[in-house]
Number of protein chains: 2
Amino acid sequence: MSEPRWLDAAQQRDWRAYVDGSVRLTEIMDRDLKAKHGLSAAEYEILVRLSEAPERRLRMAELAENASQSRSRLSHTCARLESKGLVKRDNCPNDKRGVYAHLTDEGFDALDRAARDHVETVRTFFIDIIAPEDLEAIGRAFTLILKRIGSVN
Amino acid sequence: MSEPRWLDAAQQRDWRAYVDGSVRLTEIMDRDLKAKHGLSAAEYEILVRLSEAPERRLRMAELAENASQSRSRLSHTCARLESKGLVKRDNCPNDKRGVYAHLTDEGFDALDRAARDHVETVRTFFIDIIAPEDLEAIGRAFTLILKRIGSVN
DNA sequence: AGAACATAGTTGATGCTTCAACTATTTCCG
DNA sequence: CGGAAATAGTTGAAGCATCAACTATGTTCT
């Protein structure tokens, strides 16, 4: 067991800023979405991904992947969304194990309303206060992180 | 109700990279900490903040603030940590409403062990793959976000 | 064909988070 | 002083996430 390679002062400062900032940012956005539209972040993310899919529908596994959720979590959340009438699930004709989740018209409208508020919050607490070149740096960094995580799983 | 100011393609790309990346990064780190040391991220964060405080103790409210947790959540999590013997709570002599949470020796050791693994994970998925100047950009950006959020509450 | 294995998705139990309500103490201010 | 309001912290209920177990179907290989 070798000595750990501790972070230097600058690394620690930046890492901490990220951890604290992202925790609080997430909290604000979740609360906002819930208060104004009754949607959890997980639900919102599912609606977004479905809205962008061809014919506004996706297989459960693909939806789980896109929304960065476990299949179990997706099943539960989808059940809730379905009971709200925002999503509907149908059997897949080709693969009898499969299920398509698709956005209902009502779901699309709910998403549209939520997204209009959401983008303002994203601007207020993220986009509009970060220098464009820093935003690019964030994009680069987290794309790398995603790649790194992908290569592990 | 005016038209929303939608994000342009680059902003959307960077924002999405951040959202997806941070969700998956958090997930990996939480899982790692839980598997190797039986600690949730919330528990770990509390131990860290206590370990850095003078005399390794803090008032509950201050600890909640430092660890970015609600007081309610802190109460629950502290109760769990206390039952594991990692933290102890005592009444505050000055303020009879107040409570000090302090790290036990056992808690300090548990944190030390966890931190040694944690720093490696942070390096593997964050520090070591991000260009230093991009890391600085992240530090700058999230410090601004924290300031922005702080000025709201 | 058919046995072994892999994949798709769901379910229920357990545990953590959130929210609102609550007690107790302290501060503020007429 | 003394009542109103603010602050500290806890609690229990309800909601959401995680985990392991499970059913059902599809794929592979001999």
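This structure is a prediction, so every number in the text was calculated from the model and none was measured.
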Legend entry - From D:dT25, D:dT10, C:dT11, nucleotide with atom closest to A:Ser75 side chain: C:dT11

Legend entry - Quiz item: B:Ser72 side-chain donor-acceptor pair to C:dC19 base, under 3.5 Å: yes

Legend entry - Face-on cation placement of B:Arg56 at B:Phe108 ring, 6.0 Å and 45° thresholds: yes

Inset, instruction - Specify the separation, in whole Å, of atom CD of A:Glu43 and atom C1' of D:dC16. - result: 9 Å

Inset, instruction - Check if the side chain of B:His76 and the base of D:dG9 share a donor-acceptor pair of N or O atoms closer than 3.5 Å. - result: no

Inset, instruction - Provide, to the nearest angstrom, the distance between the CZ atom belonging to B:Arg71 and the P atom belonging to C:dC19. - result: 16 Å

Inset, instruction - Check the distance between C:dG9's C1' and A:Ile46's CD1 and give it to me in whole angstrom. - result: 14 Å

Legend entry - First of A:Asn94 and B:Met60 reached from the 5' end of DNA chain D, by closest nucleotide: B:Met60

Inset, instruction - Start with the C-alpha distance between A:Ser68 and B:Asp20, add both sets of side-chain angles, then the distance that settles side-chain hydrogen bond (donor to acceptor under 3.5 Å, both in side chains), and finish with yes or no. - result: CA-CA 7 Å; A:Ser68 301; B:Asp20 291 357; 4.6 Å; no

Inset, instruction - Tell me which of A:Arg73 and A:Arg31 sits closer to the 5' end of DNA chain C, going by the nucleotide each one is nearest to. - result: A:Arg73

Inset, instruction - Would you mind telling me which of D:dC16, C:dT25, C:dC16 lies closest to the side-chain atoms of B:Arg97? - result: C:dT25

Legend entry - Touch class at under 4.0 angstrom, heavy-atom based, for B:Arg59 against every strand present: sugar-phosphate

Inset, instruction - Tell me, with the steps shown, if A:Arg49 and A:Glu62 meet salt bridge (Lys or Arg N to Asp or Glu O under 4.0 Å). - result: CA-CA 10 Å; A:Arg49 304 297 166 157; A:Glu62 203 175 351; over 6 Å; no

Legend entry - B:Leu74 CG to C:dT17 P, straight-line distance once rounded to whole Å: 11 Å

Legend entry - Whole-Å gap separating C1' (C:dT18) and CD (B:Gln69): 12 Å

Legend entry - Whichever of A:Asp95 and B:Thr77 has its nearest DNA chain C nucleotide further upstream toward 5': A:Asp95

Inset, instruction - With heavy atoms under 4.0 Å as the rule, sort B:Ala42 into base, sugar-phosphate or nothing. - result: sugar-phosphate

Inset, instruction - Give the rounded distance in Å between these two atoms: CG of A:Asp30 and C1' of C:dC19. - result: 15 Å

Legend entry - Spacing of B:Leu33 atom CG relative to D:dT18 atom P, expressed in whole Å: 15 Å

Legend entry - Which atom of B:Ser75 lies closest to which atom of B:Met60, heavy atoms considered: CA-CE, 4.3 Å

Legend entry - Whole-Å distance separating the NZ atom of A:Lys96 from the C1' atom of D:dT23: 16 Å

Legend entry - Exam field: side chain B:Gln11 to backbone B:Asp8, donor-acceptor pair closer than 3.5 Å: yes

Inset, instruction - Check whether any side-chain nitrogen or oxygen of A:Lys34 sits under 4.0 Å from OP1 or OP2 of C:dT18, and answer yes or no. - result: no

